[in-house]
Amino acid sequence: MTDRYCVLGNPVAHSRSPAIHAQFAAQCRQDLVYEALLAPLDGFAETVRGFIAAGGKGANVTVPFKEEAFRLSTRLSARAERAGAVNTLAFAGREIYGDNTDGAGLVRDIEANLAFPLAGKRILLLGAGGAARGVIAPLLADAPASLFVANRTADKAAALARQFSDIAAVDAGNFAEIAGNCFDIVINATSASLSGAALPLPAGIFAPGSLAYDMMYGKGETPFLALAREQGAARRADGLGMLVEQAAEAFLVWRGVRPDSAPVLAALRAQLAA
Ligand code: ATR
């Protein structure tokens, strides 16, 4: 019988995950179907249970359900525990296993696809919400020289930094407090571009040869990457690669094989440019 997977979200109609996983399945000759499933805002758990009852083997979870998926899981991976959020569920018997592949996807996109090793680098992470929290431990795992978390609300950045103090010292502050510092990689994990708002980044924060990375993506240049270009960031990348890599990592969790992400990312990129 064909195994069933889905992405759960609200909204979810525009998710690219079904197309990504269909390509992975074809490439790896895996017999599965993957659909987009809209969960009511007050009915996430019911939707998951219904999907399991219908034979579902696993699910990706997107906005706004990642924290709820964390709470629904009966067993968590160490990285999901750290992230406080779940983007990948696997169902076996009565168990709901929760994992989080977002951070691994980001790191793989930066290090493998963009050939930008994090070891010894000065990292600036913008934002202190769920998206930022999910990537801190994976970033620290690759031994950067430093990590600064900057957020509009400084208290939230400081609280987040404290949660990871057992792994490494993490600096925290508001955007003004970045001034005078220089970074090799600046990652945007805020949702500011959703509202079209520009981030108040001080001038001179991009080191020579630095990479600006936006976890968001869209048609054309994102507002953060436009700002980074104006401020002299040598390299710029949006979050499309992270999207494909977190999916590849989820596919690995479910099926035990890692698909080749490159042709899938190239096809998505072409679609987005069309
Ligand atoms: P997510 O799960 O996408 O991280 P979130 O938990 O709501 O969503 O967090 C949104 C992040 O974007 C926060 O860091 C938020 O800053 P505050 O903590 O100060 O609210 C940041 N953010 C959203 N809109 C912003 C804006 N216009 N300027 C700067 N930061 C913004």
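Both ligands and their constituent atoms are indexed starting at 1 by order of listing. For the numbers below, each heavy atom of this structure counts, side chains included, while hydrogens, waters and symmetry mates do not.
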Residues in the immediate environment of ligand 1 (any heavy atom closer than 4.0 angstrom): G127, A128, G129, G130, A131, N151, R152, T153, K156, T190, S191, A192, A197, L199

From N188 atom CG to T222 atom OG1, the distance as rounded to the nearest 0.5 Å: 7.0 Å

Rounded distance [0.5 Å steps], CG in L252 versus CZ in F24: 10.5 Å

Backbone N/O of L114 and side chain of R235: donor-acceptor pair under 3.5 Å: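 Such a contact is found between R235 side chain and L114 backbone.
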
Side-chain donor or acceptor of N174 paired with backbone N/O of E177 under 3.5 Å: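 The answer is yes, because a donor-acceptor pair under 3.5 Å joins these two groups.
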
Donor-acceptor pair between N87 and T101 side chains, under 3.5 angstrom: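 Side-chain D/A pair, N87 to T101: present.
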
Pairs flagged by ring pair (Phe, Tyr, Trp, His ring centres under 6.0 Å) wherever residues 254-274 is involved - sequence neighbours left out: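 Every ring pair (Phe, Tyr, Trp, His ring centres under 6.0 Å) pair that includes a residue of residues 254-274, provided the two are not neighbours, is Y5-W254, H21-W254.
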
